[in-house]
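These notes concern the structure reproduced below.
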Amino acid sequence: MKKKMKVLGIETSCDETSVAIIEVNGKSVRVLFHETASQIPVHQIYGGVVPEVAARLHVAETVTLLDRALGFNIEYRMSNVECRSVKTKSPSAKFEIRLPAGKAGNSKFGFDAIAVTQGPGLATALRVGIEAGRTLAMVTGKPIIGVNHLEGHLASAWLIPENRRHWKFPMLALLVSGGHSELVLMKDFCDYRVLGRTRDDAAGEAFDKTAKLMGLGYPGGPIISKLAKQGRADAFDVPRPMLHDPSLDFSFSGLKTAVRRIWEGLSKKQRADKQVAADLCASIQAAIVEVLMTKTLAAAKKYQPASIIMVGGVSANQQLQAALRSGVRRELKGVRLLSPPKGFYTDNAAMIAAAGAWRFIQGEKHDWKKLDAKPELDL
Ligand code: KG4
Ligand code: ZN
């Protein structure tokens, strides 16, 4: 595989359909095309991701986005047709995909290789992207690679030129998403050691589940962090699980249980009080942030990385970013904290293409005939 290449990325592991084309040329990386169709408005109706619904929406959106990325310019919109078959409880919940206007791309087969998320994720959702990738590999003869979604999150921080200039191994990664909370030592590209992981719920799940039990909606992270701005972080005594445990593992299910107990202990009037909800949100956020920050600093002191990256949906949390930034500045002299471009914290195909490029550069590829989803894949 030559070092200069255009990689087509396809991501369908959960509730975002995303397609990207990136061009990698030595140290230069350009995102030539990137569009994500979020299914969040649909899953909000159900209070969480419904796998079958996700897979059906991916079918429609993957075709639409590939069409735009590759410039087939086929005039059709499957999304609304498909979405009508989704039984919605509320008429206001009609699913509308908002795609930017204009010509998105006209480079028919303008890519050298295909990177598609292989796992972890929802099996039926993953298979939609994989089948699309396999079909393209078959008809174009281009190489394909199944990408570990978690490696994709690690690669998201590599999309920023400034970060690539400071990309020195060993690196420590705090990878916090809806399904994963991990501290990873990156010894080199594609060479990782997981130092700690969650023993039960992930940090994103803690946000999502506590928001759900408070009746705030989905996804919980952005909702809680928005409400937390008006709240007092010391208003409720939310536990910091495993904060003083010598391991680098996390555990967030106890936090969720504690919040349930607090919420159920409130009167109906208190629960309807916006200030009480904001206070509880601020307390939840402070607890999660403190655990993530403390463990990351402890891992950094132990493993002495050259830099730290924070990636995954939860790392979009401004409170977490501020806490980690000041913690690193205060306690880890000379260590840089790197994060993905804005909008690339949550699932996207540019990061999948980037991780695919890492693998292609190392000479790896998969046989499209055998590529299948690996829903339980880990780093
Ligand atoms: O990385 P991601 O898009 O998907 C997975 O791979 O899981 O992460 C989604 C998670 C959700 O749990 C969501 O609540 C959380 O990221 N999230 C946030 C924020 N934005 C998204 N959590 C805290 N604060 C945010 N601002
Ligand atoms: Zn993700």
Side-chain angles (χ1 to χ4, degrees), residues 9-18 20 36-40 43-44 47-49 51 54 58 116-122 125-126 129 147-157 173-182 184 197-198 201-214 216-229 231 250 252 255-256 281-282 284-293 309-324 339-352 354-355 375-379:
I10 306 171
E11 156 64 36
T12 63
S13 69
C14 190
D15 57 359
E16 323 270 14
T17 317
S18 187
T36 300
S38 177
Q39 305 177 357
I40 286 174
H43 298 296
Q44 272 168 345
V49 179
H58 283 311
V116 58
T117 305
Q118 189 174 25
L122 305 168
L126 288 164
V147 170
N148 185 322
H149 180 85
L150 303 175
E151 186 171 48
H153 276 300
L154 298 179
S156 64
L174 172 66
L175 197 173
V176 271
S177 67
H180 292 81
S181 301
E182 302 196 352
V184 182
R197 53 163 56 92
T198 184
D201 290 351
E205 255 174 308
F207 277 111
D208 295 339
K209 288 180 176 173
T210 50
K212 189 172 182 178
L213 72 89
M214 290 171 70
L216 298 176
Y218 171 84
I223 299 170
I224 287 187
S225 69
K226 190 165 173 221
L227 279 173
K229 288 192 178 124
F250 302 99
F252 289 106
L255 182 150
K256 173 194 65 195
C281 286
I284 293 166
Q285 178 173 260
I288 296 173
V289 166
E290 188 179 343
V291 173
L292 295 176
M293 183 196 65
I309 60 172
M310 52 184 298
V311 293
V314 177
S315 63
N317 187 280
Q318 286 174 5
Q319 208 59 38
L320 176 62
Q321 289 178 10
L324 209 49
S339 41
K342 202 167 181 287
F344 290 73
Y345 291 94
T346 48
D347 293 347
N348 65 85
M351 70 183 197
I352 300 302
E376 306 298 334
L377 199 60
D378 213 333
L379 274 177

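Counting convention: from 1, in listed order, for ligands and their atoms alike. As the structure is a prediction and not an experimental result, all values here were calculated from the model.
- Using a 4.0 Å cut-off between heavy atoms, Pro222 contacts ligand 1 through both its backbone and its side chain.
- The closest donor-acceptor contact from the side chain of Glu205 to the backbone of Gly179 lies at 3.5 Å or more, if one exists at all.
- Looking at Asp208, its side chain never comes within 3.5 Å of a backbone N or O of Pro219 through a donor-acceptor pair.
- Looking only at protein heavy atoms, the nearest one to atom 20 (N) of ligand 1 is Gly313 O, 3.5 Å.
- In the vicinity of Asp347, heavy-atom distances shorter than 4.0 Å reach the ligand 1 atoms 1 (O), 2 (P), 3 (O), 4 (O), 5 (C), 6 (O).
- When each atom of ligand 1 is checked for a heavy atom of Pro219 under 4.0 Å away, the hits are 14 (O).
- Near Thr346, meaning under 4.0 Å from any of its heavy atoms, are these atoms of ligand 1: 3 (O).
- Residue contact check: Gly204 has heavy atoms under 4.0 Å from atoms 12 (O) of ligand 1.
- In this structure a side-chain-to-backbone donor-acceptor pair under 3.5 Å is missing from Ser18 to Asn348.
- Residue His180 does not count as close to the Zn ion (ligand 2), with no N, O or S atom under 2.8 Å.
- Remark: distances from the non-hydrogen atoms of Cys14 to ligand 1 are all 4.0 Å or more.
- Between Asn317 and Leu320, the shortest heavy-atom contact is OD1-N, 2.9 Å.
- Note on Cys14: not counted as a metal contact of the Zn ion (ligand 2), no N/O/S atom lying under 2.8 Å.
- At least one N/O-N/O distance between His153 and ligand 1 falls below 3.5 Å.
- Set against the non-hydrogen atoms of Gly179, the atoms of ligand 1 under 4.0 Å away are 7 (O).
- The nearest pair of heavy atoms linking Phe250 to Leu292 is CE2-CD2, 3.7 Å.
- The shortest heavy-atom contact between Ala206 and Phe252 is CB-CB, 3.9 Å.
- Heavy atoms only, all atoms of each residue included: Asp378 and Leu150 are closest at OD1-CD1, 3.6 Å.
- Summarising the geometry of Ala203 relative to Val314, their closest heavy-atom pair is C-CG2, 4.2 Å, with the distance given to 0.1 Å.
- Summarising the contacts of atom 5 (C) of ligand 1 with Gly48, Ala202, Ser38, Gly178, the nearest heavy atom is found in Gly178.
- Using 4.0 Å as the threshold, Glu16 has no heavy atom nearer than that to any atom of ligand 1.
- The protein heavy atom nearest to atom 24 (N) of ligand 1 is Asn317 ND2, 3.0 Å.
- Inclusion of Asp208 in the set of residues having an N or O under 3.5 Å from an N or O of ligand 1 is warranted.
- For the residue pair Val49 and Cys14, the shortest heavy atom distance occurs at CG2-SG, 4.1 Å.
- From the protein, the heavy atom lying nearest to atom 22 (N) of ligand 1 is Gly221 CA, 3.2 Å.
- Atoms of ligand 1 lying under 4.0 Å from any heavy atom of Ser225, numbered from 1 in the order shown and given with element: 26 (N).
- Of the possible polar contacts, one joining the Thr12 side chain to the Ala125 backbone as a donor-acceptor pair under 3.5 Å is found.
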- prompt: Taking it one step at a time, do Asp347 and His149 satisfy side chain to side chain donor-acceptor pair (under 3.5 Å)?
  reply: CA-CA 9 Å; Asp347 293 347; His149 180 85; 3.0 Å; yes
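- Residue contacts with ligand 1 for His149 involve side-chain atoms from C-beta outward but no N, CA, C or O (heavy atoms, distance under 4.0 Å).
- Rounding to the nearest 10°, we obtain 100° for the angle at the Zn ion (ligand 2) between His149 NE2 and His153 NE2.
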